[in-house]
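Note that this is a predicted model, so its numbers are computed, not measured. Lettering of chains follows the sequences in order, A, B, ..., and the numbering in each one begins at 1.
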Number of protein chains: 2
Amino acid sequence: MPASSAPTLESVAARAGVSRATAGRVLAGSARVSPAAREAVMQAAQELSYVTNQAARALVTRRSGSVALVVVEPVERFFSDSYFPLVLSGAQAVLSEREVQLVLVVLSTPRERERFERYARGGHVDGAILVSVHGPDPLPQHLRDAGIPVVLSGRPYDLASTVPFVSADNVAGARAAVQHLVDRGCRHIGTVSGPLDMPPGQDRLEGFRAQLRACRRRVPARAVATGDFTAAGGRSATEALLARYPELDGLFVANDLMAAGALQALAAAGRSVPGDVRVVGFDDAPLAGAAVPPLTTVRQPVVEMGRHLARMLLAIIDGAEPEASVVVPTELVERASA
Amino acid sequence: MPASSAPTLESVAARAGVSRATAGRVLAGSARVSPAAREAVMQAAQELSYVTNQAARALVTRRSGSVALVVVEPVERFFSDSYFPLVLSGAQAVLSEREVQLVLVVLSTPRERERFERYARGGHVDGAILVSVHGPDPLPQHLRDAGIPVVLSGRPYDLASTVPFVSADNVAGARAAVQHLVDRGCRHIGTVSGPLDMPPGQDRLEGFRAQLRACRRRVPARAVATGDFTAAGGRSATEALLARYPELDGLFVANDLMAAGALQALAAAGRSVPGDVRVVGFDDAPLAGAAVPPLTTVRQPVVEMGRHLARMLLAIIDGAEPEASVVVPTELVERASA
DNA sequence: CTGAAAGCGCTTACAG
DNA sequence: CTGAAAGCGCTTACAG
């Protein structure tokens with residue numbers, strides 16, 4: 001809402017003694033302008049503190065100059081999981097270089113989803129980065145059908161999806177975590193998995209199984225407890241695991257938040273970490289370093305993933321449709337817990 | 001970026017057999033329209049999946065329909081502090097009810113600040129909620145001078161500022177924390193304060209001192225260590241405190257992130273919590289419940305504060321200029337650490 | 001290199 | 001209650 005007295009291109013042109021068209025060309029950085037005209041316009045714009053009216057520009061260019069980062073989650077998850085702000089900061093870095101504004105949208109209710117679809121179709125954003133889409137969600141396809149460029153954070157649940165995505169190598173990360181426990185001499189390795197309707201939950205569990213198999217270890221059914229990526233869920237899953245698999249001496253927890261809960265459960269059960277049970281988390285969230293003991297975990301380069309997502313989206317917006325998905329490597333971060 | 005074939009008000013009007021003006025009135029919910037016309041327009045809009053072009057609307061109404069939540073922080077702080085997402089979710093709740101879109105903006109560099117000022121002056125947002133402004137920052141005043149409605153999260157550093165704000169009662173919260181330690185029998189109470197260039201840091205320290213004074217306790221200089229609101233800072237401040245004030249048996253830490261660091265330092269020093277040292281944090285951040293032991297802390301109703309901020313901003317945008325600032329009460333949450 | 005002019009899609013007095 | 005028309009501020013062929 002510029003003050004009603006906000007300078008227009010017209011007033012800049014008048015002050016510079018040129019036409020509106022010429023003033024517009026200068027401000028758009030067009031080459032076909034004489035140095036004298038350029039000079040005059042720049043100075044006039046400066047003197048008037050001119051900024052271009054975005055609505056007017058958008059009306060003719062059909063570009064809003066902003067893209068949405070859409071988080072499909074209850075707000076509680078949004079703020080308890082460090083993943084989101086990290087993706088955001090990576091995307092933000094790339095977008096702000098291109099003078100594209102990032103709009104964060106949290107979609108918790110069906111009503112909010114509808115509103116967002118309208119918002120996007122109304123031309124408010126030029127594209128969307130979708131984060132944390134659960135199960136077989138139609139949102140990505142809806143947006144695409146409306147002609148809105150979309151990229152996904154994390155591989156899509158629907159394997160037939162053609163929406164480009166950026167994902168960490170969750171399988172390899174889980175394998176590295178398990179191998180670390182094996183290398184440390186753990187004989188009875190269990191896991192607290194993530195929700196099995198989410199690709200990261202699925203993939204990390206698959207990596208867990210695959211690596212134990214590669215080590216010629218059996219995976220008893222009772223060695224696997226399902227969690228929900230929250231601290232409370234990690235705690236209760238770990239309690240269940242300890243009850244039915246008391247010989248447990250190595251634990252892979254599918255994210256750090258659940259691992260924090262696991263540490264509580266182990267402390268409550270009188271098991272020392274890493275003395276009695278070694279624990280490896282996943283994410284390298286901020287709380288990993290702050291935990292007691294500090295968590296050994298699998299780092300996924302979330303900020304970098306955010307950068308990738310932004311670059312992919314900008315490319316698609318610029319018309320380079322067939323952008324390839326990318327899977328980025330993870331890295332084991334050793335701390336005290338394993 | 002609607003597909004170029006996106007339906008316009010014109011096409012809806014044609015299909016409904018009325019003028020563009022009438023179609024516009026129906027869609028704007030105006031009362032002065034015949035039921036028959038209303039019916040026809042609604043149906044046409046439905047059939048064409050019409051959504052209004054925001055740029056066109058904004059150009060004439062001079063309203064963008066969105067407001068910014070501006071976080072003035074390095075991105076690291078943004079994602080390590082749970083305060084921001086909580087404010088955001090509260091604000092989001094209010095705004096989405098009013099069909100106003102929230103745009104999150106993180107300002108880490110001078111360049112980004114400039115860009116944002118241009119963005120706001122360009123009419124992209126109708127107002128701004130400013131969070132975590134440090135020291136004597138001119139940004140709020142700049143925006144105001146440009147005619148952009150602004151509200152502040154947290155009381156302004158500059159006491160002469162007239163920008164309306166919403167703040168927790170940090171002084172009272174700190175006093176309650178100290179009183180709790182006193183009630184639990186602590187004799188030697190220290191504190192890890194926040195940065196003293198930030199109002200919450202200042203106010204919580206003031207509350208600490210005030211309450212001990214009210215209890216007729218002396219506050220030796222060595223009982224106060226200054227932190228920076230990070231876990232690492234909390235840890236090293238606590239180490240320093242233990243070194244110079246070994247009789248410490250009660251500790252008030254000015255936020256939960258630092259309290260997590262304090263727990264690490266105490267564990268490393270072989271001090272049990274709450275056996276040897278009782279610890280009270282501030283914020284009731286998600287990690288408070290996940291800590292070992294779970295943290296007793298002072299809850300500030302951040303989500304509610306976010307709601308307040310959004311309501312105040314909307315009121316100002318709607319022309320109700322002289323909106324009063326509000327200070328909301330805090331609440332002690334007892335867990336295991338004290 | 002430059003200007004006159006059309007047009008983006010909406011809202012809103014102004015008549016009737 | 002309804003329509004014709006002006007106008008929001010910009011961009012962009014089209015001439016020159």
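- Applying the Watson-Crick and G-U wobble criteria (two distances, each under 3.5 Å), D:dA13 pairs with nothing in any strand.
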* Structure fact -> The contact string for nucleotides 11-16 of chain D, one letter per nucleotide 5' to 3', using protein heavy atoms under 4.0 Å with B, S and - for base, sugar-phosphate only and none, comes out as BBB---
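- Proximity of a side-chain donor or acceptor of B:Asp126 to a complementary backbone N or O of B:Ser64 within less than 3.5 Å is detected.
- Rounded to whole Å, the distance from CD on A:Glu10 to C1' on C:dG3 is 12 Å.
- If you check the side chains of A:Tyr83 and A:Ser153, you find a donor sitting under 3.5 Å from an acceptor.
- Note: A:Ile316 CD1 to A:Ile148 CD1 = 13.0 Å, rounded to the nearest 0.5 Å.
- With a 3.5 Å ceiling on both atom-pair distances, C:dA4 lacks any Watson-Crick or G-U wobble partner.
- Using modelled atom types and a 3.5 Å distance limit, the side chains of A:His142 and A:Glu117 yield a donor-acceptor pair.
- Inter-residue side-chain proximity for A:Leu59 and B:Asn53 is flagged as met; some heavy-atom pair is nearer than 4.5 Å.
- Between the side chains of B:Ser49 and A:Arg121, no donor-acceptor pair of N or O atoms lies under 3.5 Å.
- Contact annotation: B:Thr8 side-chain N/O to C:dG9 OP1/OP2 distance is not under 4.0 Å.
- Across all strands shown, A:Ala37 has heavy atoms under 4.0 Å from sugar-phosphate atoms exclusively, and none from any base.
- Taking only side-chain nitrogens and oxygens, B:Thr22 never comes nearer than 4.0 Å to OP1 or OP2 of D:dT2.
- Nucleotide D:dC10 holds its P atom 12 Å from the CZ atom of B:Arg121, rounded to whole Å.
- Atom name P, nucleotides D:dA13 and D:dG9: the rounded distance is 23 Å, in whole Å.
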* Asked: Can A:Leu104 and B:Leu69 be said to form a side chain to side chain contact (heavy atoms under 4.5 Å, CB included), step by step?
  -> CA-CA 10 Å; A:Leu104 176 73; B:Leu69 182 86; over 6 Å; no
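- Contact between the side-chain N/O atoms of B:Ser19 and the OP1/OP2 oxygens of D:dG3 is found at a separation under 4.0 Å.
- Taking the P atom of each, C:dT2 and C:dA6 are spaced 22 Å apart, rounded to whole Å.
- Look at CG on A:Asn53: it is 6 Å from P on D:dC10, rounded to the nearest Å.
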